[in-house]
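Here the structure comes first, spelled out in structure tokens, and everything after it is commentary.
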Amino acid sequence: MTAPARRLFGTDGIRGTANQAPMDAATALRLGQAAGRYFNRGTHRHRVVIGKDTRISGYMLEPALTAGFIGAGMDVVLVGPLPTPAIALLTRSLRADLGVMISASHNPYEDNGIKLFGPDGLKLSDGQEAEIEALMEGDLSKALAPPARLGRASRMDDAPGRYIEAAKQSFPRGLTLEKLRIVVDCAHGAAYKVAPTVLWELGAEVVPVGVQPDGFNINNGVGSTAPGKLADIVRERRADLGIALDGDADRLVLVDEAGAIVDGDQILALIAGSWHAQERLRGGHVVATVMSNMGLERYLKDRGLGLLRTGVGDRYVGEKMREMGCNLGGEQSGHMIMTDFGTTGDGLIAALQVLAVLVEEGRPASQVCRRFCPLPQRLVNVRYTGASPLKDGSVQREIKAHEERLGERGRVLIRASGTEPVIRVMAEAEDEALVNDTVETLAEAIRSRAKVPA
């Protein structure tokens, strides 16, 4: 039977402007009731773990979700601001039936989102999300527990300590971060306490940035989507490495000692090469998305490894990793999934894997973190209203012509955003002029057939 369509859930949970549907208290309440009913199976006492980042709207969504779950007969464990991977870890560790993270990741404070994890710590499948949506749209009176079976809420004070210890355990025994000066930018987000603590306890001299959240400043000029400030501080403080996390700390961008930015593709190459040399890399492949640079693919091929590509979204990367038996995958944007240590993207633990190589090789980050020369790549976003211009025959013919023009020298990737009315136009090839011409021509062809918003 075909699963019902999803309307609320996108590529990474539900997301939108805070205090407007679907990111309002009423929707959060119904989501708690519906998800509570969906995961309320068996006769045991059911439990859900709820974490959040530092957005002010979390104070609205957290109690609404709590009320929904309690009304559905589930006990609620509140852990406060913690990274998304910590919620996945605690869901499994506490044998909870469900985990919830309230966060809009790298988005500004005006937005928020809700991500759900199953009892295995994995993000829900498209089918599971669709079934929960269907429950939300129906009569939820049957989901409500009688008074004697209402859930209870409690706070877990030692939740940060559990994640801190798990992160430290991912760093190789016998190594230390002593003599390293590390700048860590926590984006005024969920990792503002735990990330500096982990690095300091492993021996580093830590320069913390973005660790003064006020509910409104998350990702504002800081974090993985704005690493310029971090680069300046790394150079000023003569640091060995800069680490930039996003609002929920599931993605990572690095800055070397010269202030140059290191993206997710280079991080994947570095970890893959290190693990392969240690015979730790499983499956013979690394999993990445269609956005990853062809330079990464060539780097892996030279070492007898393959690159498996998925659609954009770390959830799809994780699904392909499980299917193929791989233990390393990620995105160019910085999501890194390492199933030896967790079930979802973890920026801090990925940074620790890079730092381990830095310590072992004893060379500057500018040398260690540059594993391949990326091919010229350009991405342009074309916004539209109404029907997608990709359905137009002339646009399809133009795309096909440019695909044939590039042939094996490069590639064209045209895709619709999963979260907004935008067509993303990307081209990649060894010839930068050819890349620019391809992107500009295709973007103009799409604009000419699109209704551009006023």
Side-chain angles (χ1 to χ4, degrees), residues 171-172 175 177 179-185 199 204 224-245 251-278 280-281 285-289 291-307 309 328-338 347-379 410 426 428-432 435:
F171 193 70
L175 296 184
L177 297 181
K179 299 181 181 179
L180 288 183
R181 180 178 296 155
I182 301 170
V183 184
V184 57
D185 180 352
L199 295 169
S224 62
T225 55
K229 179 179 179 181
L230 174 64
D232 290 341
I233 296 173
V234 166
R235 287 190 292 262
E236 290 169 7
R237 298 298 298 268
R238 297 184 179 180
D240 297 286
L241 188 71
I243 297 170
L245 305 171
R251 74 164 70 183
L252 165 73
V253 169
L254 297 174
V255 172
D256 68 25
E257 81 284 356
I261 293 170
V262 181
D263 69 10
D265 283 346
Q266 295 284 358
I267 296 169
L268 272 177
L270 186 154
I271 297 175
S274 172
W275 285 11
H276 179 58
Q278 299 171 34
R280 291 174 54 194
L281 190 70
H285 292 79
V286 172
V287 180
T289 75
M291 299 302 296
S292 279
N293 196 278
M294 289 176 65
L296 171 62
E297 194 165 359
R298 294 178 177 182
Y299 172 87
L300 295 172
K301 185 178 180 181
D302 288 344
R303 285 150 185 80
L305 303 170
L307 181 69
R309 295 184 184 268
L328 177 63
E331 295 188 277
Q332 188 182 69
S333 61
H335 287 113
M336 297 291 132
I337 303 177
M338 300 151 291
L348 177 57
I349 288 182
L352 293 176
Q353 302 309 299
V354 174
L355 283 164
V357 178
L358 208 63
V359 171
E360 289 170 336
E361 296 193 5
R363 297 186 295 137
S366 56
Q367 299 176 23
V368 172
C369 296
R370 303 290 166 181
R371 294 286 158 153
F372 64 88
C373 183
L375 270 67
Q377 187 184 82
R378 185 177 172 192
L379 172 68
M426 191 270 278
E428 182 179 40
E430 294 180 354
D431 185 337
E432 187 170 5
V435 169

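Between the side chain of Asp263 and the main chain of Gln332, no donor-acceptor pair closer than 3.5 Å is present. Side chain of Asp265 to backbone of Asn293: a donor-acceptor contact under 3.5 angstrom is found. Put simply, the side chain of Glu428 gets close to the backbone of Met294: a donor and an acceptor are under 3.5 Å apart.
Legend: residues meeting salt bridge (charged side-chain N to carboxylate O under 4.0 Å, His left out) with Arg237, ordered by chain and number and at least two apart, are absent.
We find that Arg298 and Glu430 are joined by a salt bridge, their nearest charged nitrogen and carboxylate oxygen being less than 4.0 Å apart. Under 4.0 Å is where a charged nitrogen must lie from a carboxylate oxygen, and between Lys179 and Asp240 no such pair does.
No option in Cys369, Ser274, Pro172 other than Ser274 meets the side chain to side chain contact (heavy atoms under 4.5 Å, CB included) test with Val357.
To the nearest 0.5 Å, the span separating CD1 on Ile233 from CG on Asp185 amounts to 7.5 Å. Leu358 contributes atom CG, which lies 10.0 Å from atom CD of Gln367 (distance to the nearest 0.5 angstrom). Note: Lys301 NZ to Leu307 CG = 12.0 Å, rounded to the nearest 0.5 Å.
Among pairs with a residue in residues 352-361, those fulfilling side-chain hydrogen bond (donor to acceptor under 3.5 Å, both in side chains) read Glu361-Arg363, Glu361-Arg371, at least two apart in sequence or across chains.
Across Val234 and Asp256, no two heavy atoms sit closer than the pair CG1-O, 3.4 Å. A pairwise comparison of heavy atoms in Pro227 and Ser224 identifies CD-O, 3.8 Å as the closest pair.
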Practice problem: Just do the side-chain contact (heavy atoms from CB on, under 4.5 Å) check on Leu305 and His276 with the steps written out, would you? | Solution: CA-CA 9 Å; Leu305 303 170; His276 179 58; 3.7 Å; yes
Quiz item: Between Leu241 and Val255, is a side-chain contact (heavy atoms from CB on, under 4.5 Å) present by the stated rule, with each step listed?
Solution: CA-CA 6 Å; Leu241 188 71; Val255 172; over 6 Å; no
Practice problem: Report the C-alpha separation of Arg181 and Arg238 in whole Å, then their side-chain angles, then the decisive distance to 0.1 Å, and conclude whether the side-chain contact (heavy atoms from CB on, under 4.5 Å) test is met. | Solution: CA-CA 8 Å; Arg181 180 178 296 155; Arg238 297 184 179 180; 4.2 Å; yes
Quiz item: Can you list the steps and then say if Ile337 with Leu328 is a side-chain contact (heavy atoms from CB on, under 4.5 Å)?
Solution: CA-CA 6 Å; Ile337 303 177; Leu328 177 63; over 6 Å; no
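Between Val354 and Ile267, some side-chain heavy-atom pair lies under the 4.5 Å cut-off. Residues Leu252 and Leu245 meet the side-chain proximity criterion, which asks for heavy atoms closer than 4.5 Å. Looking at Glu297 and Arg309, their side chains come closer than 4.5 Å, going by heavy atoms from C-beta outward. Counting only heavy atoms from C-beta outward, the side chains of Val253 and Ile261 approach each other to under 4.5 Å. Looking only at side-chain heavy atoms (C-beta outward), Leu199 and Leu352 come within less than 4.5 Å of each other. Annotation: side chain of Leu355 is in contact with side chain of Ile243 (closest heavy-atom distance under 4.5 Å). At least one side-chain heavy atom of Met336 sits less than 4.5 Å from a side-chain heavy atom of Leu268.
Taking the ring axis of Phe372 as reference, the NZ or CZ atom of Arg370 does not stay both within 45° of it and closer than 6.0 Å to the ring centre.
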